Amino acid sequence: MHSPQTVSNIRALTASLFGVAAGTLGLESFPGFIFYFIGTAIVSGLIYALKAESDPEAYFFRPLADLWAGDMFVLEARLEQANLLKKVVDAIKDLVQDCNFDCNDSGIALQAMDNSHVALVSMMLKSESFSPYRCDRNIALGINLTSLQKVLRCAQSEDILTLKAEDAPDVVNMVFESSDSDRISEYDIKLMDIDQEHLGIPDTEYAATIAMPSSEFQKICRDLTGLSESVAIECTKEGVKFACNGDIGSGAVTLRSHTDIEKPDKNIEINLSEPVALTFSLKYLVNFCKASGLSDQVKLCLSNEVPLLVEYALSNNSYLRFYLAPKIGDEE
């Protein structure tokens, strides 16, 4: 159902025409506004009578808002697969509970730290990931992720998701459309006022970068967590080694660069400028691995005395990134 977007496009076109006409007629200030208002009402009336066949409920989710006040939304973003946002929320909900979704003309971003200030989550869904995407001004949508997860679970895997928000919103509107039937579900989620500091993440030249199958990284973390609470990641010219020591024993997994032409998603690529050896909490890494369903490959970036970057690349240059501070001294 593209009717609201069609109306929005018509409004944008006619607004330009009415502006030119008002200028040509010398109408300014209040007379110009009245001219625009009457013209917009006439356009809505024509759509109601000719295209909606005097039955707007059959063509619009919200007949009054979409047809007669269609531009009340400052954010409208249509995601072809609601499952993408569902997987993102599932991956981060155990790390952060409440966070702001920062919306601007570049896309929708999220940045939040866990309660212990050990891990940082950074997500960016570029505007190109949506079709269409419109954000008239910067807005922050403060959402409880548990509540968001409950609503997203109402969507089927192939559903189309449309996000809408008004100016200074109290709720965010979510519409799920079935891609193969006429089923439409609509929900409003109450927004929160979250005072959240936005951290500037500096660009870092990492000493070691490892690209590997996300399923392999997930298996390593899950296997080693049965032996210890921490894992030492050591990257040398021989490869990358994941090692741990615990009360019941020790374990280690070593990976070397590997290229599979027939199955590129199985490739392991290691770029190294200097050896790196750092220790991290396995509990957090296992949590990060919940994002494995988003991408076949995961990228690990390491430098001594710098947080680990774990990145899952999404389509259209979008991404989900996790940063984890290394353990030092007695923590290990």
Side-chain angles (χ1 to χ4, degrees), residues 80-96 110 114 119-125 129 145 149 152-153 156-158 206 208-236 238-244 246 250-272 276 278-302 307-324 326:
E80 288 293 334
Q81 285 195 322
N83 205 36
L84 172 62
L85 186 58
K86 184 190 298 186
K87 288 180 178 179
V88 169
V89 173
D90 286 343
I92 67 176
K93 66 179 178 59
D94 292 329
L95 290 170
V96 293
L110 175 154
D114 76 307
L120 172 72
V121 180
S122 178
M123 179 211 73
M124 181 65 194
L125 294 179
S129 299
L145 293 186
Q149 183 193 38
L152 288 172
R153 282 179 174 173
Q156 297 183 8
S157 58
E158 299 301 320
Y206 291 96
T209 302
I210 304 110
M212 61 187 293
S214 53
S215 58
E216 179 68 30
F217 181 58
Q218 183 177 45
K219 176 173 171 50
I220 291 172
C221 293
R222 284 180 175 175
D223 288 349
L224 296 183
T225 196
L227 298 174
S228 175
E229 295 180 352
S230 304
V231 59
I233 304 178
E234 183 179 5
C235 198
T236 64
E238 281 77 30
V240 56
K241 181 180 180 181
F242 301 85
C244 71
S250 61
V253 179
T254 301
L255 301 176
R256 295 180 176 85
S257 292
H258 168 76
T259 301
D260 189 329
I261 298 176
E262 295 183 357
K263 297 180 180 179
D265 57 313
K266 301 296 183 184
N267 290 350
I268 298 174
E269 183 179 346
I270 302 173
N271 294 309
L272 182 71
V276 180
L278 295 167
T279 301
F280 300 97
S281 166
L282 275 167
K283 179 185 74 173
Y284 281 97
L285 293 180
V286 169
N287 256 322
F288 297 171
C289 289
K290 292 178 181 178
S292 296
L294 288 165
S295 177
D296 292 332
Q297 287 260 315
V298 62
K299 184 168 70 172
L300 311 180
C301 301
L302 303 98
L308 165 71
L309 166 60
V310 180
E311 178 177 327
Y312 294 89
L314 309 177
S315 59
N316 297 298
N317 294 319
S318 300
Y319 57 79
L320 177 61
R321 293 172 179 167
F322 300 94
Y323 296 85
L324 180 62

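Note that these values count all heavy atoms, side chains included, but never hydrogens, waters or copies made by symmetry. Since the model is a prediction, treat every value here as computed from it, not as a measurement.
- Around the NZ atom of Lys299, the shell of radius 6.0 Å holds no more than 12 heavy atoms that belong to other residues, nucleotides or ligands.
- Between Phe322 and Phe288, the two ring planes are parallel [angle under 30°; tilted spans 30° to 60°].
- Environment of CD in Gln149: crowded, with over 12 heavy atoms of neighbouring residues, nucleotides or ligands closer than 6.0 Å.
- For the atom pair NZ of Lys93 and CG of Leu145, the computed distance is 9.5 Å after rounding to the nearest 0.5 Å.
- Between Leu224 and Ala243, the shortest heavy-atom contact is CD1-N, 4.5 Å.
- At distances below 3.5 Å, not a single donor-acceptor pair connects side-chain atoms of Thr225 with backbone N or O atoms of Arg222.
- Between Ala208 and Leu272 the shortest heavy-atom distance is CB-CD1, 3.7 Å.
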**Request:** Mind running side chain to side chain contact (heavy atoms under 4.5 Å, CB included) on Val298 and Met212 for me, showing each step along the way?
**Result:** CA-CA 6 Å; Val298 62; Met212 61 187 293; 3.7 Å; yes
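- No side-chain donor-acceptor contact under 3.5 Å links Asp260 to the backbone of Asn267.
- Heavy atoms only, all atoms of each residue included: Gln297 and Pro213 are closest at NE2-N, 3.6 Å.
- In terms of heavy atoms, Lys266 sits closest to His258 at O-CD2, 3.8 Å.
- Between the side chain of Ser214 and the backbone N or O of Asp296, at least one donor-acceptor pair lies under 3.5 Å.
- Looking at Phe280 and Leu302, their side chains come closer than 4.5 Å, going by heavy atoms from C-beta outward.
- At least one side-chain heavy atom of Val121 sits less than 4.5 Å from a side-chain heavy atom of Leu110.
- Considering CD of Gln81 and CD of Gln156, their distance stands at 13.0 Å, rounded to 0.5 Å.
- Residues Phe217 and Ile210 have side chains not in contact (no heavy-atom distance under 4.5 Å, counting atoms from C-beta outward).
- Partners of Tyr323 by side-chain hydrogen bond (donor to acceptor under 3.5 Å, both in side chains), not counting sequence neighbours: none found.
- Here Leu152 contributes atom CG and Leu85 contributes atom CG; the two are 5.0 Å apart, rounded to the nearest 0.5 Å.
- Residue Leu309 holds its CG atom at 9.0 Å from OG of Ser122, rounded to the nearest 0.5 Å.
- Taking the side chain as every heavy atom from C-beta outward, Leu282 and Glu229 never approach each other to under 4.5 Å.
- Considering only heavy atoms from C-beta on, Cys235 comes within 4.5 Å of Ile270 through its side chain.
- Within the model, atoms CG of Leu308 and OG1 of Thr279 stand 11.5 Å from one another, a figure rounded to the nearest 0.5 Å.
- Between Ile268 and Val240 there is no side-chain heavy-atom pair separated by less than 4.5 Å.
- By the salt bridge (Lys or Arg N to Asp or Glu O under 4.0 Å) test, Glu311 is found to be paired with Arg321, residues two or more places apart in sequence or in another chain being considered.
- Minimum heavy-atom separation, Ala291 to Leu320: CB-CD2, 3.8 Å.
- Glu269 pairs by the side chain to side chain contact (heavy atoms under 4.5 Å, CB included) definition with Ala211, Asn271, not counting sequence neighbours.
- Partners of Lys290 by side-chain hydrogen bond (donor to acceptor under 3.5 Å, both in side chains), not counting sequence neighbours, listed by chain and number: Asp94, Asn287.
- A heavy-atom distance below 4.5 Å is not found between the side chains of Phe242 and Cys221.
- Remark: Lys219 engages Asp223 in a side-chain hydrogen bond (donor to acceptor under 3.5 Å, both in side chains) (not counting sequence neighbours).
- By the 4.5 Å heavy-atom criterion applied to side chains, Ile220 and Leu255 are counted as neighbours.
- For Ser257, there are no side-chain hydrogen bond (donor to acceptor under 3.5 Å, both in side chains) partners, not counting sequence neighbours.
- To the nearest 0.5 Å, the span separating OG on Ser318 from CG on Leu294 amounts to 11.0 Å.
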